[in-house]
Amino acid sequence: MEKSRTSSSVLVEPVYSSVVALLIIVMACVELCDAVTVVDVYRLVQYDIGGVPFGSRLAALNHHAGSSFLSSSPAADLSRTVLILPVRELNLTFITEYIGQKKPLGGLLLLLPPIFSPQNIETEDGAAEYSAKDLLKEVLNELERLLVHANIPYPVYFGFEDEHVSTVLADIKKNDATGQPATATTGGYKLVVAAPEPRKIASPTIINIQGWLPGLRADGDSSQLPTIAVVASYDTFGAAPALSVGSDSNGSGVVALLEIARLFSMLYSNPKTRGRYNLLFALTSGGPYNYNGTHKWLRSLDQRVRETIDYAICLNTVASSGDDLWIHVSKPPENAYIKQIFEGFSTVSEELGIKVGLKHKKINISNSRVAWEHEQFSRLRVTAATLSKLSVAPDLLESTGGLSDNRHFTDEASISRSVKLVSESLARHIYGQEGKNIDIFADGSSLSVNPSYIRTWLRFLSTTPRVAPFLSKNDPLIMALKKELADHTVEVNVQQEVLDGMFTFYDSTSGKLHIYQVASVTFDLLLLLVLGSYLITLFSFLVITTRGLDDLISIFRRPTSRKAKTA
Amino acid sequence: MTIFHFFNCAILTFGPHAVYYSATPLSEYDTIGTSIKSALVYLITALVKLVCLATFLKVSESDSFDPYQELLKALIGFIDVAGIYFALTQLTHRNISQNHKFQAVGLGWAFADSVLHRLAPLWVGARGLEFTTEYILQGLEANANLVLSISLAALCSLMWLRKNKPKTLIPIIYTCAGIVATMPSVTSYMRRGLGWHFPEIVGFELFTSLIMAFISWQLFSACQRPSN
């Protein structure tokens, strides 16, 4: 008997222990994703200018969801609620007031229409929605301006309206209509973004890429050839850095520069058609921050090279689509050089049917604000002009490729026109054909502007956010631009600099939002009550059926009888 | 809220077992050893069933009801009965009456079943933020399973331990035992073939378990009369 018992227990033990071990392993696999929805969200930018904080200062989110500022009484405490607001139905006055008066809020989730999503770059909207798109663009610009220049102590995220989020929002609106905001005791939805505390980016780098296309030196000619520079800044800044693709500001400028480089590289590849000017193409960074990159690039240039620069053309937001183009200069229009440049451009623009105007803005040396890229050249006494569709100089951090600047609002045909304008004007100057009736980059010739090249590059840039502090030296974008310039020019240099200390940036630009449907604590309390009564009933039932009613009564009477005994 | 919910579902799933043990005379006669032994037998039976399923069953991509596969699963389900047979007859028990033996065996069997099948999903799932009624339904299913296990143990003890049974009742006993043993196949047929949802299946299980418990109670008391 004893032996059989020990042998059976020996057999049972390893099985038992392995099952227990398996159970422990399973217990250790804790947090499974069981949320209703998981959505990609993008955080509002967080930055300091000279130590003054701007933008959203928090990243982690873990609060209940609400749907409007007015859902509860005005005095209700929203400091533990995250408001989900679709931008289409946004009331700007309310949100301006809320942020302006620094009222407490748990968090803000702004939902953008799906057209702004980087995934939906191919979908075409009907022309009938054009006016609605314009209105939306206005609202977005206003919203962006408000958010970027405010100091917001709670997390602000941007997301896109998709079916899951829309159903959740509809549900929340229904619940809010009953008048009770969601809290821990009333159930509802909980929004969670698990993000670490945002840290300062230690040394934000700006990377300039330059390409050099040398001109034809005649034999025996020892003097330096003059140079013409074509410059465009490629980085962006917007309310949501992970969404700042800046199709027009300044994706259009970058695409135009690449196409101009391609055309001239074709001309310069053959010594018979190589002009007597060097061409310098520069893709600069740090555009939104007073053209810091251009400033550093110019100072790093060899002084002799800089002195040979005849003039520089800066491209900024050139997808005009019906608007006029403007040439902005800082030297007075009576200056001979400026007159010559402008006449060259006007002649070509008349032939193309575009209207080009001249705008003069004086530089104020004591003011550190640099509104146009050509001003950095002018401060070093290099003649320069900016070609842009914007007629007025933008303020700091404006028109830098924000939320509303995406592929759907950018017209690629106008970029082709701008490319033709610039390259034709430059070519006529280089080859001395000014005023003559000649079409160097004629349509249909081998030197025509290639619309599919422009389309491809515009598409690439419209899906790549390009905020400079978040781009490293080995970023695929930088590598791609470098390679493309290397294809078209003879010598490419990449210069890496640190962004000036006035601007400080913080990381954590995107995250995943989990939306959970939670039951209230009262539900669980009720459940506990029901279970307790169920178990007590079960207990009584079993005692009565198996031992008899007297036993049940005696269980409750035993303490009293013992007391009677001791007494 | 979530640990609270886990606690609620846990007492729904495992509470009745503890209550059954303490409320009935099982606690007075200290039959915990028998229960533990039958729990271990259940573990072994479950392992054997898994091995058989892995060997004989084909993995089907669709979730439809395949009669041949279900028949095979039902046959493998009879290993359960063999396990109970082993627990009732082959293991040595302390000197407890037959009445209490089947209850202790059934209790241990049901407890092992609940722990093995329901503890892990409960621990992993019920602690999340997201609210579902799934774990409450699972607890109700555990209750139904307890009743079914005890009735199965009762019928099995009638079949093998009681020697003098009224002749007329023997086929009824065997058919009832067969019905209870094939309950898992029936529920899986309902889930896949008829497309019932979890709450409806749990309701059905509770209903049938109560009916089977009543029938087996009647049979047991009917068989007890001649010996008295």
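Sequence lines set the chain letters: A, B, ... in the order given, protein chains first and strands last, and positions in each chain run from 1.
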If only atom types and distance count, is the side chain of Asn8(B) paired as donor or acceptor with the main-chain N or O of Asp524(A) below 3.5 Å? yes
Please classify the contact of Thr132(B) with chain A as side chain, backbone, both or neither, using a heavy-atom distance under 4.5 Å. neither
Distance check, rounded to the nearest 0.5 Å: Tyr534(A) atom OH versus Ile11(B) atom CD1? 11.5 Å
Would you say Tyr42(A) has more than 12 foreign heavy atoms packed within less than 6.0 Å of its OH? yes
May I ask you to test the Tyr20(B)-Leu538(A) pair for a side-chain heavy-atom distance under 4.5 Å? no
Can you tell which of Val530(A), Ile536(A), Val543(A) has the highest number of heavy-atom pairs within less than 4.5 Å of chain B? Val543(A)
Heavy-atom count check: over 12 atoms from other residues, nucleotides or ligands less than 6.0 Å from Phe541(A) CZ? no
Given a strict heavy-atom distance threshold of 4.5 Å, which part of Ile544(A) is in contact with chain B: side chain, backbone, both, or neither? neither
Here the gap from Leu527(A) atom CG to Phe7(B) atom CZ, rounded to the nearest 0.5 Å, amounts to 11.0 Å
